[in-house]
**Q** 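Shown below is the structure under consideration.
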Protein chains: 2
Amino acid sequence: MAKQLAGPASLVLSAQVVRRYYLDGRSKVEIAEEFRLSRFKVARLIESARASGLVRIEIGHRGLIDVDLSARLQSRFGLAHAVVVDTRDDSAETLRKHLGQVAAELLAEVTGPDDVLGVAWARSVGAMAGALPRLAAVPVVQLTGAVSLPDGDASSIDVVRDVARAAGGPAYVFYAPFTVPDAATARTLRRQREVALALDQLPRVTKAVVGVGLWAPGQSTLHDAAAESDRRSLRRLGVCAEVSGVFLTADGEPVRTALSERMIGIDAEQMRAIAEVVVIAYGLPKVPAARAALRSGLVNGLVTHTSFAEALLASA
Amino acid sequence: MAKQLAGPASLVLSAQVVRRYYLDGRSKVEIAEEFRLSRFKVARLIESARASGLVRIEIGHRGLIDVDLSARLQSRFGLAHAVVVDTRDDSAETLRKHLGQVAAELLAEVTGPDDVLGVAWARSVGAMAGALPRLAAVPVVQLTGAVSLPDGDASSIDVVRDVARAAGGPAYVFYAPFTVPDAATARTLRRQREVALALDQLPRVTKAVVGVGLWAPGQSTLHDAAAESDRRSLRRLGVCAEVSGVFLTADGEPVRTALSERMIGIDAEQMRAIAEVVVIAYGLPKVPAARAALRSGLVNGLVTHTSFAEALLASA
DNA sequence: CCACCTCCTGCTCATCTGAGCGGTCTGCGC
DNA sequence: GCGCAGACCGCTCAGATGAGCAGGAGGTGG
């Protein structure tokens, strides 16, 4: 502050001191000796240089990841992991590919030999599966049934298989739809050998990767696949978000619905029991859904893109 | 280094730690507690973040002065003062005006009540004189005679008067040309009352502001005003620069010339005795002259512009 | 399976650093 | 001339920090 008005000579002296301190890594005592100042004077010069903006410290991003935004997001929401991909908002497909790539790196990094991975059905998770490098040899568990996609994308099973192949551990996979027409069918299916084997593994799962959908047209494959009556009834219940088949209000409260009875997959309690759940989120409309997911406490990891992260921070 | 390859999670952790440390000003111990790390781990994280370029520290310039370049110049040449004006290279006139402004600020800052100022004849010094704010009440001494300018600019005497007016102390000024046709006339002039009074003050001068010229056409008013025979003979003697009438080789060695005998003004020994001599330099062709001046040890202050400073640093 | 190597971790101790305190200098009003 | 307020300066001391070292985990080749 004062430095600003103190004339060119002291300005330059400040710059010199600050350069020695920050750029050359000298101690304040050394600098004091070099410039014949007391170390206190040096300290005050550096202090006022920082206060006046003479020194600017930036946390940079080299490459795909906006580390500073990631860090702020992680702090702000108390997450175990947050990774923001610094990509221009191009097509959903490119976005998904980039997020998948980064999520794959993240998963590879945090997966240890004692983990059990859970994998949900989601296109974003599929994008991740394709990009996975070799993992530790861990079991991989399918968390939900599959929703048949209009564009015939990789099915849930293939996602889990891809992840299991990268890991080299046992794969608990099953061939079943995510939703069925009635609760009785769902109960029957759940007792089916492959399904039961996978669902029995859920309590052992330590890390999971899931997608998130907004309960609105075009923002959730589950929503789009649901009957109009279900769509309406859930909307009336205040459902805002859907995380791997778990329905949440805008505040992040899990909602038990009639539809839940007719679904094959993980429920809120089981998800809460998983130590680390990473959600891959993209597309600005889904911001409220992601916020709900983060508030719910069910997920504590997030992989997303720049504008999404900024919107999340701004809205909180 | 390692952080670059260590995956998104540790990258983000680094960013978070670094943010807390540099931006939030927390101690490493606090950060260690917050993230459940040892303080050593925190230290290493910060260290590697700096090494890998995750944190960038820049010394900024707010306003006219490029403080970092100034600091580097000052260090590099061991100067008492160096101020680089961050201005695009526009006309010599604009440049002169900006440098004069900054030099005025510098002089105002470094002038104390016990100083005696010396003022040389130069257009750049004239530009400074016009911009001077109020100074301490100190004596002001004219260092050299005047060269009549083709464009009839402010004369040397007016420069000294302007400075003296800003100071409010006594002005030791004289009306005499810088060069005369023969040595005898010079000797006579030097004994003249006003001239002698001013020259007698020279040993008392503690701070001086001078210009610098390159001994080449159009790069020194003294050169341009000299007879062709003088121009040639000085060139043959290896004269590269002219600082307030003191001639220097490219290495900064003072050169005693026949022309010196016919000049009214300060000589090399007297200039060396002045504690702080600030030279105002601009115009890229003059870079070798400025380098000679700085090497000579006669001057230990510099006010110049960005490209000039960069050229000086590059050439050294 | 073991020996070896390298990387990573956290310790000690000497040094550095920050917060707060009192002394001094300076400008200003009376 | 005198007294005061505010800025500036350098001290002390407790706590923070860095350099170097030893122990241990994990990977590799014999």
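Protein chains get the first letters and strands the later ones, always in sequence-line order, with residue 1 at the start of each. Everything numeric in this text was worked out from a predicted model, so none of it was measured.
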**Q** How long is the line joining CG of A:L45 and C1' of D:dA7, in whole Å?
**A**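 My rounded result for the distance is 15 Å.
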
**Q** If you compare all heavy atoms of A:V141 against all heavy atoms of A:V160, which two are closest, and at what distance to 0.1 Å?
**A**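 In this case the closest contact between A:V141 and A:V160 is C-CG1, 4.4 Å.
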
**Q** Considering non-hydrogen atoms only, spot the tightest contact between B:R204 and B:V116 and give its length.
**A** O-CB, 3.4 Å

**Q** Please confirm whether the shortest side-chain N or O distance from B:S38 to OP1 or OP2 of C:dG10 is below 4.0 Å.
**A**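 Yes.
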
**Q** Can you name the side-chain contact (heavy atoms from CB on, under 4.5 Å) partners of A:F40, sequence neighbours left out?
**A**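 side-chain contact (heavy atoms from CB on, under 4.5 Å) check on A:F40 returns A:S38, A:R44.
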
**Q** Is a side-chain donor-acceptor pair under 3.5 Å present for B:Y22 with B:R50?
**A**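 Distance-only check passes for B:R50 and B:Y22.
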
**Q** I need a per-nucleotide contact map over nucleotides 16-21 of chain C, read 5' to 3'. Cutoff is protein heavy atoms under 4.0 Å; write B for the base, S for backbone only, - otherwise.
**A** SBBB--

**Q** Whole Å only: how far is the CD1 atom of B:I46 from the C1' atom of D:dT17?
**A** 11 Å

**Q** Could you check B:L302 against B:F77 for side-chain contact (heavy atoms from CB on, under 4.5 Å), going step by step and ending with a plain yes or no?
**A** CA-CA 10 Å; B:L302 175 64; B:F77 290 98; over 6 Å; no

**Q** Sub-3.5 Å donor-acceptor pair from the side chain of B:T306 to the main-chain atoms of B:V85, do we have one?
**A**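 Judged by distance alone, yes, a pair lies under 3.5 Å.
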
**Q** Please report, rounded to the nearest Å, how far the P atom of D:dA16 is from the CD atom of B:E34.
**A** 15 Å

**Q** Round to a whole Å and report the spacing from NZ of B:K41 to P of D:dG24.
**A** 19 Å

